[in-house]
Amino acid sequence: MSAEPISAEQLQRDWAAITPARAKALQLETARQVRLQPDLPTPATVAGVDVGFENRDTARAAIVVLRHRDLEPVDYALARLPVRFPYVPGLLSFRECPVILKALEQLQTLPDVLLCDGHGVAHPRRLGIAAHLGVLTGLPTVGVAKKKLYGWHGPVPEGRGEWTPLMAGRASAGKASAGKENQAGETLGAVLRTRPGFKPLFVSPGHRLDLQGALDLVMHCTTRYRLPETTRWADGLASNRGQRWLARLEALPGAGG
DNA sequence: GCGACAG
DNA sequence: ATCTTGTCGC
């Protein structure tokens, strides 16, 4: 039933001439394959993935695999590919998935779970890049975003690890309900305070785990910064100053590329 | 018509 | 995402 891991090359062909309109339709179909379930087995490894742009039309994906136990890097991969889809809010995966799959194929060993830059099911059609990547690869995935794309939420508690639900739909306006919100929507994710005094992160499950599992994992990976270590590594490698981070990786024991 | 709008 | 200078603080 569920799709086998698709190759980057195949994906490139499938999406070669896709339009935003067709992409939205495809999201509705693909979202039906997303599976959110509790009790993700404790992973041995957790990876972070991010995409940077060397220029207007060249994307660069970076994946860094960390040991779950101590968050030490054990593997990484880099890939480049021409950009063939514009940035459209809600359609991010069509722009970034191809180059990410290419990088995944270069890893020595696949990670047990993947933390993505962007949302999971906290998306208008429930298929943020993390959810889409999960279905495409079959891997458990988590969405970790710095800004909201969709949904509404109340005040975020100040303590580290505290959070408030990110609900589907839009906050009800009107003075009659000032202070209180609609109870109608479903919980899609969480607005999580990883560090007191800093802006919160938007966490949502992507595939093969639930919200609690996503939150536990993100907190486990977040030590002394606002962002999880996975994201920080991938971010660094995908960016312009990637050389600096590359040097740190190559100085490590068993981290090949 | 007006605001919202991952990376 | 990317383009960019300085600045405040541990």
Side-chain angles (χ1 to χ4, degrees), chain A residues 15 20 23-24 27 30-31 34 48-63 78-103 114-136 141-153 166-174 181 185 188-192 194-207 211 214 218 223-228 230-243 245:
Chain A
W15 292 354
K24 285 187 182 181
Q27 285 184 324
T30 309
V34 170
V49 58
D50 188 34
V51 176
F53 296 84
E54 302 181 351
N55 54 59
R56 252 330 141 64
D57 38 39
T58 303
R60 176 207 286 167
I63 300 177
L78 292 171
R80 306 170 73 230
L81 218 53
V83 176
R84 29 174 40 184
F85 197 89
Y87 169 68
V88 180
L91 300 180
L92 181 65
S93 57
F94 293 90
R95 181 175 171 82
E96 301 191 345
C97 279
V99 69
I100 289 175
L101 286 197
K102 184 174 178 182
L114 192 56
L115 299 208
C116 312
D117 244 59
H119 293 92
V121 298
H123 178 280
R125 291 167 293 282
R126 311 296 185 271
L127 198 77
I129 188 167
H132 204 158
L133 213 43
V135 171
L136 289 175
T141 56
V142 177
V144 180
K146 293 177 282 299
K147 291 185 293 188
K148 186 188 74 173
L149 167 66
Y150 171 80
W152 61 271
H153 66 84
L166 178 59
M167 310 292 291
R170 183 181 168 175
S172 61
E181 320 331 25
L188 300 178
V191 191
L192 172 70
T194 54
R195 256 198 91 171
F198 286 74
K199 300 191 60 178
L201 298 183
F202 295 80
V203 176
S204 58
H207 188 50
L211 177 56
V218 169
T223 54
R224 47 180 305 208
Y225 298 97
R226 176 195 179 217
L227 297 173
T230 42
T231 303
R232 297 187 65 250
W233 275 106
D235 226 74
L237 272 192
S239 72
N240 305 311
R241 77 281 185 192
Q243 278 303 314
W245 293 76

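Below, each value reflects all heavy atoms present in this structure, side chains not excepted, and no hydrogens, waters or symmetry copies. The sequence lines fix the lettering, A, B, ..., with proteins before strands; numbering per chain opens at 1.
When all heavy atoms of A/Leu188 and A/Pro205 are compared, the pair lying nearest together is O-CD, 3.7 Å. Of all non-hydrogen atoms in A/Val83 and A/Thr58, the two that sit nearest each other are CG2-N, 3.8 Å. For the pair A/Gly120 and A/Ser204, the tightest heavy-atom approach, listed with the atom from each and the gap, is N-OG, 2.7 Å. Here the closest heavy-atom approach between residue A/Cys116 and residue A/Leu133 is recorded as SG-CD2, 3.9 Å.
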Sort me out a list of protein N/O and nucleotides 2-9 of chain C N/O pairs below 3.5 Å, or just none if empty.
{"from": "C/dT2", "atom 1": "OP1", "to": "A/Phe53", "atom 2": "N", "distance (Å)": "3.3"}
{"from": "C/dC3", "atom 1": "OP2", "to": "A/Asn240", "atom 2": "ND2", "distance (Å)": "3.1"}

Taking only N/O atoms, report every protein-nucleotides 2-6 of chain B pair under 3.5 Å with atom names and distance.
{"from": "B/dA6", "atom 1": "OP2", "to": "A/Tyr87", "atom 2": "OH", "distance (Å)": "2.5"}
{"from": "B/dA6", "atom 1": "O4'", "to": "A/His119", "atom 2": "ND1", "distance (Å)": "3.4"}
{"from": "B/dA6", "atom 1": "N7", "to": "A/Gly90", "atom 2": "N", "distance (Å)": "3.0"}
{"from": "B/dA6", "atom 1": "N6", "to": "A/Gly90", "atom 2": "O", "distance (Å)": "3.1"}
{"from": "B/dA6", "atom 1": "N6", "to": "A/Leu91", "atom 2": "N", "distance (Å)": "3.4"}
{"from": "B/dA6", "atom 1": "N6", "to": "A/Leu92", "atom 2": "N", "distance (Å)": "3.2"}
{"from": "B/dA6", "atom 1": "N1", "to": "A/Ile129", "atom 2": "N", "distance (Å)": "3.1"}
{"from": "B/dA6", "atom 1": "N3", "to": "A/His119", "atom 2": "N", "distance (Å)": "3.1"}

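Not counting sequence neighbours, the partners of A/Asp117 by the side chain to side chain donor-acceptor pair (under 3.5 Å) test are A/Lys146.
No side-chain donor-acceptor contact under 3.5 Å links A/Trp152 to the backbone of A/Leu166. Using modelled atom types, one side-chain atom of A/Thr141 and one backbone atom of A/Ala130 make a donor-acceptor pair closer than 3.5 Å. Between the A/Arg80 side chain and the A/Ala61 main chain, no donor and acceptor come within less than 3.5 Å of each other.
Every stem involving DNA chain C, taken as at least 3 paired positions in a row under the Watson-Crick or G-U wobble test at 3.5 Å, would be listed here, but there are none. Stems are defined here as 3 or more consecutive Watson-Crick or G-U wobble pairs with pairing distances under 3.5 Å; none involve DNA chain B.
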Give every donor-acceptor pair under 3.5 Å between a side-chain atom in residues 86-97 of chain A and any protein atom, sequence neighbours left out.
{"from": "A/Ser93", "atom 1": "OG", "to": "A/His132", "atom 2": "ND1", "distance (Å)": "2.9"}
{"from": "A/Arg95", "atom 1": "NH1", "to": "A/Phe85", "atom 2": "O", "distance (Å)": "2.7"}

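Under the 4.5 Å side-chain criterion, counting only non-hydrogen atoms from C-beta, A/Pro200 is not in contact with A/Leu192.
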Practice task
Please test A/His153 against A/Phe202 for side chain to side chain contact (heavy atoms under 4.5 Å, CB included), starting from the C-alpha separation and ending with a verdict.
Solution key: CA-CA 11 Å; A/His153 66 84; A/Phe202 295 80; 4.0 Å; yes
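By the 6.0 Å contact criterion, CZ on A/Arg56 is open, its count of non-hydrogen atoms from other residues, nucleotides or ligands being 12 or less.
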